[in-house]
Student: 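Sharing a structure, written as structure tokens. Questions coming.
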Amino acid sequence: MNKIPEFESTKEWYISNFKSFEEQLNGQSKTFLHDIRRDALVKFAELNFPTLREEEWKYTSVSPILKNNFHPVIDLAQITFSKEDLKKFLFPGFDFYLMTFVNGIFNSELSDISGLPNNVVLGSLKELSKSNPGLIKEHLNAYTKIDNSFNALNFIYSTDGAVVIIPDKVVLEKPVQIIYINGTDGSNILSTPHNLIIAGKNSQVSVINNYSGLGENLYFTNAITEIHTDENSIVDYYKVQNENDNSYHIEKLQAHQKKNSIFNHYNFNFGGGIVRNDINSILDDENIETHYYGLYLAKGKQHIDNHTFVDHAKPNCVSNEIYKGILDDDSRGVFNGKIIVRKDAQKTNAYQQNKTILLSKSARIDTKPQLEIFADDVRCTHGATVGHLDDTANFYIRTRGIPDELAKSILIRAFANDIVETVKIEQMREQLNHMIFEHLQRVEIIDSEKSR
Amino acid sequence: MLTIKNLHANVEGKEILKGIDLEINTGEVHAIMGPNGSGKSTLANVLAGNGGYEVTAGEIRFEGKNLLELDPEDRAREGMFLAFQYPVEIPGVSNATFLKTAINEVRKYHGKPELTPKEFLDLMRDKSKILGMDENLISRSVNVGFSGGEKKRNEIFQLLMMNPKLALLDETDSGLDIDALKIVSNGVNIFKNKNNAVLVVTHYQRLLNYIVPDFVHVLYKGKIIKTGTKELALELEDKGYDWIKPDLIEAETA
Ligand SMILES: Nc1ncnc2c1ncn2[C@@H]1O[C@H](COP(=O)(O)OP(=O)(O)O)[C@@H](O)[C@H]1O
Ligand SMILES: [Mg+2]
């Protein structure tokens with residue numbers, strides 16, 4: 001007799017709910033997105049939600065997420081806040097294009113994309129799939145695949161997301177800030193943005209994807225982001241995850257890189273009860289650079305899992321990864337850094353490092369490098385350390401009259417600095433530092449003098 | 001100002017200081033010399049309140065207060081300053097922010113208002129000039145990317161900025177070339193006055209040509225085995241330590 005898989009009833013609910021969801025879609029069920037949804041539904045029915053028995057999910061239990069049925073969102077929520085209220089979620093001090101999503105649905109009133117150069121597209125997946133399907137059809141779903149039930153769930157229920165398309169030779173001077181406000185408008189919301197960032201040949205763009213929570217409601221963000229960097233392009237992608245501490249957040253990001261392109265992924269994680277980031281890059285040509293910078297900060301019972309995967313498919317590429325974390329209270333961190341160097345990928349230079357500081361006795365990190373090297377002429381280095389704030393450094397600071405708590409904050413700032421200083425948009429750095437102390441609920445050390 | 005009586009201290013269960021007596025008065029410069037591993041840094045760390053060192057016996061009074069009851073930050077606020085043998089790097093925090101925080105914490109403790117930005121800037125200009133420091137050093141992260149000599153110079157810069165009552169200098173001369181040594185010593189001599197005191201820890205006599213001590217103590221295996229004046233330092237330079245080591249003297253006479 002077959003055992004009934006875990007979470008079967010939750011799975012059934014998401015399947016049976018599709019019918020009423022489909023009925024509410026109206027016109028949206030006519031676009032090509034709907035074919036994707038139906039295919040994903042078939043796939044979803046074949047899959048089961050991941051359990052701790054699976055290697056990829058060994059340290060992250062998703063069962064709290066699956067104790068609830070989260071409701072997909074089709075239409076824009078009632079907005080109870082103004083453009084002014086929005087400001088506190090944004091990184092200030094520089095010019096940017098703004099796209100706002102509420103529970104995963106684009107809100108044009110709270111967005112500002114005026115003054116865009118010709119042929120640059122910033123917009124909503126929902127709108128564009130109706131108004132200009134040809135533009136996105138060739139890219140959407142072209143770079144990612146369904147790895148697990150959560151990915152499938154995004155495909156099934158996603159109706160919107162951010163689309164950024166930069167044509168060849170265009171350098172977009174102003175960064176794009178995409179702010180996701182989640183958890184408004186009732187409880188048990190499922191927010192499923194599906195984002196697409198396409199950088200043409202010789203183009204450049206910076207995108208800040210800022211996930212924020214509002215209120216105390218339980219909700220679940222389950223996102224997919226696809227990024228394509230064409231030849232000679234440079235894409236800086238900042239993920240700032242600051243969801244409510246009791247919400248759930250899963251994102252799969254898939255980058256696909258062409259010749260001579262540079263992809264910088266910055267991954268700042270503050271919020272979320274259970275967080276899982278899968279960040280994957282395929283280096284599908286020569287002379288590609290991939291940089292992953294990550295910082296995770298957890299307290300209380302938070303659980304933050306970063307799974308990264310750099311796939312070196314071709315020769316002469318460089319990948320460089322630094323992930324650092326600070327864990328307090330009973331929080332848990334997971335870092336799994338996978339690097340594959342395929343047979344063709346000679347002269348690969350791959351570097352990976354993970355460092356974690358534990359601020360309490362009961363905080364915990366599970367860290368694992370996963371290197372699979374099939375080429376013989378490569379340079380691959382990795383390292384992982386777990387430690388505490390340095391006693392000697394703490395003593396040094398205190399001998400200058402600075403109290404213990406503030407000395408610890410100084411050391412936290414110093415530890416995070418490796419990551420914060422990589423952020424190219426300088427105005428973001430002090431705000432990120434501020435968020436570190438706000439999130440960890442510690443006295444703040446503000447560097448008014450701007451250290452270098 | 002500082003009275004140490006019968007001080008015993010352990011590191012990781014091992015006794016390093018084995019009964020130290022020392023009296024330092026205002027206006028005095030004391031030097032502690034001794035071979036490597038004799039416990040000089042241990043003494044400096046115990047005085048500054050390093051929690052990694054355990055005081056097992058004896059007492060230390062500083063300006064009438066029981067020093068051993070105070071946290072390191074309170075010792076600093078009471079006027080104790082330790083220039084480290086190995087200064088610590090603090091990325092992401094500028095020298096300016098670090099020092100402003102430090103100075104204002106000390107001022108707060110004494111019920112004084114914070115320095116205004118202008119007062120702070122003027123003070124910084126003043127003191128950095130004494131040490132011939134580049135002004136942009138101020139906006140650089142504390143000790144990050146500094147050479148060994150620059151780090152030592154930065155310790156003395158912090159000393160001048162904080163202007164404590166007692167300066168403990170742990171091997172401040174190591175890693176300095178002769179020019180830097182002169183600049184750093186000049187900084188210490190400018191700091192020195194009749195209301196404060198300096199305790200120099202070194203195992204070379206060289207520094208004492210520039211910072212002239214009133215008393216020289218020889219620390220050996222956790223005990224002060226000889227005290228003299230600056231001539232003692234010269235003698236040590238000349239003859240080394242063996243002639244005063246009690247265990248060797250005993251071995252010879254036995
Ligand atoms: N943190 C420590 N852990 C273990 N042993 C130490 C530590 N600090 C000092 N010691 C030991 O104490 C003794 C004295 O060291 P120290 O005070 O640094 O000597 P000095 O400064 O005179 O060279 C040495 O034997 C040294 O190995
Ligand atoms: Mg020493």
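Every chain is numbered from 1, with letters handed out A, B, ... down the list of sequences. Bear in mind that the values here come from a model prediction, so they are computed numbers and not experimental data.
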Student: Only one of Q352(A), E289(A), Q353(A), H291(A) clears side-chain hydrogen bond (donor to acceptor under 3.5 Å, both in side chains) with N320(A); which?
Tutor: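 Per the side-chain hydrogen bond (donor to acceptor under 3.5 Å, both in side chains) rule, the option paired with N320(A) is H291(A), out of Q352(A), E289(A), Q353(A), H291(A).
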Student: Does NZ or CZ of K324(A) come closer than 6.0 Å to the centre of the six-membered ring of F415(A), within 45° of the ring's axis?
Tutor: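 Yes; both conditions hold, so K324(A) lies above the ring face of F415(A).
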Student: Sort and list the pairs that fulfil salt bridge (charged side-chain N to carboxylate O under 4.0 Å, His left out) and have at least one residue in residues 290-303 of chain A, not counting sequence neighbours.
Tutor: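 Counting only pairs at least two positions apart or across chains, the salt bridge (charged side-chain N to carboxylate O under 4.0 Å, His left out) contacts touching residues 290-303 of chain A are D245(A)-K299(A), K301(A)-D330(A).
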Student: Could you check whether S174(B) and K152(B), counting side-chain N and O atoms only, form a donor-acceptor pair closer than 3.5 Å?
Tutor: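 There is such a pair (donor and acceptor under 3.5 Å, judged by atom type) between the side chains of K152(B) and S174(B).
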Student: Parallel, tilted or perpendicular: which one describes the rings of Y180(A) and Y211(A), with boundaries at 30° and 60°?
Tutor: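 Rings of Y180(A) and Y211(A): parallel, under 30°.
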Student: Check this for me, if you would: do K151(B) and E89(B) make a salt bridge, where the nitrogen-to-carboxylate-oxygen distance has to be below 4.0 angstrom?
Tutor: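 Salt bridge: yes.
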Student: Report which part of Y109(B) has an atom under 4.5 Å of a heavy atom belonging to chain A: side chain, backbone, both, or neither.
Tutor: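 Looking at Y109(B), nothing touches chain A.
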Student: Report, by ascending residue number, the residues of residues 37-49 of chain B in heavy-atom contact with chain A at a distance under 4.5 Å; give 'none' if the set is empty.
Tutor: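 Counting heavy atoms that sit under 4.5 Å from chain A, the residues of residues 37-49 of chain B involved are N45(B), A48(B), G49(B).
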Student: With only heavy atoms counted, which part of P164(B) is less than 4.5 Å from chain A, the side chain, the backbone, both or neither?
Tutor: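 Contact with chain A: none, neither part.
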Student: Flag the one option from T101(B), D74(B), L99(B) with the top tally of heavy-atom pairs under 4.5 Å to chain A.
Tutor: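 Among T101(B), D74(B), L99(B), the one with the most close pairs to chain A is T101(B).
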Student: Scan K368(A), R332(A), R276(A) and name whichever one has a salt bridge (Lys or Arg N to Asp or Glu O under 4.0 Å) with D305(A).
Tutor: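 So, applying the salt bridge (Lys or Arg N to Asp or Glu O under 4.0 Å) to D305(A) and each of K368(A), R332(A), R276(A), only R276(A) qualifies.
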Student: When you measure from the side chain of E155(B) to the backbone N and O of F84(B), does any donor-acceptor pair fall under 3.5 Å?
Tutor: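 Yes.
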Student: Heavy-atom distances under 4.5 Å only: say whether E78(B) touches chain A with side chain, backbone, both or neither.
Tutor: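 Neither part.
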Student: With no hydrogens and no angle check, just 3.5 Å: does a side-chain donor-acceptor pair link N95(B) and N154(B)?
Tutor: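 On atom types as modelled, these side chains qualify, holding a pair under 3.5 Å.
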Student: Checking D390(A) against chain B: side chain, backbone, both or neither under 4.5 Å from a heavy atom?
Tutor: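 Contact with chain B: none, neither part.
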Student: Give, as side chain, backbone, both or neither, the part of L411(A) having an atom under 4.5 angstrom from any heavy atom of chain B.
Tutor: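 Looking at L411(A), nothing touches chain B.
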Student: With a 4.5 Å cut-off on heavy-atom pairs, point out which of P72(B), A102(B), G51(B) contacts chain A the most.
Tutor: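 Top count of heavy-atom pairs under 4.5 Å with chain A: P72(B).
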